[in-house]
Amino acid sequence: MVTMLLAACAPAGGGGTPASPSTPLVTGIAHPVGADEAVLTMGYEGGLVAVEFHFGTVPALLIAGDGTVVVPGAQDAIFPGAALSPLQTRKLSEAGVQLVLERLAQTGFFATDADFSGAQLGVADASSTVFTMHADGRDVRVSVYALGLLDSGDPPPGMDERERLAHTVLGKLAQDLGALEQLIPASAWEETAWHPYIGDQLRLLVANADAEPADPSGIPAPDVAWPAGGDPATFGAPYPPLDASRCGVVSGTDAGAWYAALAEANQLTRFTAGGHRYRVSVRPILPGEDAACPAR
């Protein structure tokens with residue numbers, strides 16, 4: 001019945017591309033099946049935070065076409081923290097992917113794009129929770145400002161009933177997706193445990209740190225040699241959102257070298273090359289994401 005609900009919401013002609021003999025068979029709600037294709041992401045945009053924070057932000061949840069799930073890992077509450085925020089991964093079966101898509105269908109909010117921003121009249125400087133679904137022949141983006149922060153008993157003036165309902169229904173959805181092991185039974189997982197996610201590509205934000213003052217905390221952070229080929233002074237391309245910064249992507253053996261170096265580094269570590277020091281922020285490229293540096 002739930003599958004029929006989502007199908008009924010699809011525009012005429014929807015339904016996706018028929019599976020080829022070499023494509024895993026999908027029974028139920030059609031969706032991309034590749035390991036490098038996203039089916040669902042839930043993340044956060046906006047808010048009063050620094051550009052560097054946005055650069056490193058990863059989705060709270062990503063599910064790829066082959067059932068791969070990627071979520072942020074636990075971080076120790078210490079300073080300085082890890083140079084690369086941990087990510088965890090685990091694989092769903094096709095039955096598990098279908099359960100997630102059916103849960104989205106139950107909300108009634110994934111027929112078309114929607115932007116619920118009415119809470120801006122009552123909540124300042126919050127972020128928006130953004131759900132992006134690629135399924136049933138459709139690409140749907142649903143954004144809700146200040147999800148989880150709105151007092152449903154006292155909504156801002158002018159907010160209509162559908163938006164109030166969106167905060168209630170999608171707030172519960174966000175909770176369910178944030179506790180996926182409670183939503184999905186053990187039988188619908190292909191892997192029994194979570195393990196570290198190692199991506200094929202890393203996006204780097206690089207800035208010269210020669211003039212950077214010593215950290216006021218007094219915590220020592222030994223410099224580390226630039227771990228891959230190339231000159232950091234000409235790495236990638238200029239990154240307009242931040243003066244004197246450059247952004248680029250590493251892959252293959254260079255990505256492997258960076259993963260190894262970052263495992264021994266922390267937030268205060270600076271990388272050296274040609275007699276100069278560089279501050280580097282790193283963000284893995286996840287399935288279905290554009291490797292290009294973001295505009296903001």
Side-chain angles (χ1 to χ4, degrees), residues 1-11 14-20 23-44 58-74 87-114 129-144 147-148 165-197 286-289:
M1 176 64 181
V2 175
T3 300
M4 292 174 64
L5 281 173
L6 186 56
C9 293
T17 303
S20 67
T23 300
L25 181 63
V26 174
T27 57
I29 301 171
H31 63 81
V33 296
D36 59 348
E37 299 175 286
V39 172
L40 172 68
T41 60
M42 179 179 72
Y44 307 102
V58 295
L61 170 73
L62 183 146
I63 301 177
D66 68 342
T68 295
V69 179
V70 183
V71 299
L87 293 172
Q88 295 289 305
T89 185
R90 189 179 175 188
K91 196 169 185 179
L92 288 168
S93 67
E94 176 57 28
V97 176
Q98 289 297 320
L99 286 173
V100 172
L101 291 176
E102 289 171 358
R103 178 66 183 87
L104 265 63
Q106 290 173 342
T107 69
F109 281 95
F110 288 87
T112 60
D113 291 349
T129 302
V130 180
F131 305 88
T132 306
M133 183 195 76
H134 308 282
D136 208 25
R138 289 172 290 127
D139 302 318
V140 176
R141 184 181 189 276
V142 178
S143 174
V144 189
L147 186 64
L165 181 62
H167 276 267
T168 300
V169 172
L170 297 178
K172 180 59 169 65
L173 174 65
Q175 292 177 2
D176 289 347
L177 294 177
L180 207 57
E181 288 177 304
Q182 298 178 30
L183 180 66
I184 306 298
S187 60
W189 292 90
E190 284 194 6
E191 296 178 331
T192 58
W194 296 90
H195 54 91
Y197 176 84
L286 303 185
E289 291 185 333

Within the structure provided, determine whether [X] and [Y] are in side-chain contact (heavy-atom separation under 4.5 Å).
X      : Y      : answer
Pro72  : Gln88  : no
Val100 : Ile63  : yes
Phe109 : Leu165 : yes
Phe110 : Asp136 : no
Phe131 : Leu147 : yes

Donor-acceptor under 3.5 Å (Asp113 side chain, Arg141 main chain): yes
Between Thr89 (side chain only) and Val69 (backbone N and O only), is there a donor and an acceptor less than 3.5 Å apart? yes
When you look at CD of Glu181, are more than 12 heavy atoms from neighbouring residues, nucleotides or ligands closer to it than 6.0 Å? yes
Where [X] and [Y] come nearest, the two heavy atoms and their spacing:
X      : Y      : result
Ala188 : Ala95  : CB-C, 4.4 Å
Ala35  : Pro287 : O-CB, 3.3 Å
Ser143 : Val130 : OG-CG2, 3.8 Å
Leu286 : Pro59  : CD1-CD, 3.6 Å
Ile29  : Ala135 : CG2-CB, 4.2 Å

To the closest 0.5 Å, what do you measure between [atom1] ([X]) and [atom2] ([Y])?
X      : Y      : atom1 : atom2 : value
Leu62  : Thr68  : CG    : OG1   : 9.0 Å
Met42  : Leu173 : CE    : CG    : 7.5 Å
Glu191 : Lys91  : CD    : NZ    : 7.0 Å
Leu99  : Ser93  : CG    : OG    : 7.5 Å
His195 : Tyr197 : NE2   : OH    : 11.0 Å
Leu177 : Leu40  : CG    : CG    : 6.0 Å

Name all pairs fulfilling the salt bridge (charged side-chain N to carboxylate O under 4.0 Å, His left out) condition that reach into residues 166-176, sequence neighbours left out, sorted by first residue then second. Arg103-Asp176, Lys172-Asp176
Residue pairs meeting salt bridge (charged side-chain N to carboxylate O under 4.0 Å, His left out), one or both in residues 30-43, sequence neighbours left out, come to none
May I have the step-by-step check of side-chain contact (heavy atoms from CB on, under 4.5 Å) for Leu170 and Thr129, ending in yes or no? CA-CA 9 Å; Leu170 297 178; Thr129 302; over 6 Å; no
For Thr107, the side-chain hydrogen bond (donor to acceptor under 3.5 Å, both in side chains) test, sequence neighbours excluded, returns none
Please walk me through it: do Glu94 and Gln98 pass side chain to side chain donor-acceptor pair (under 3.5 Å)? CA-CA 6 Å; Glu94 176 57 28; Gln98 289 297 320; 2.8 Å; yes
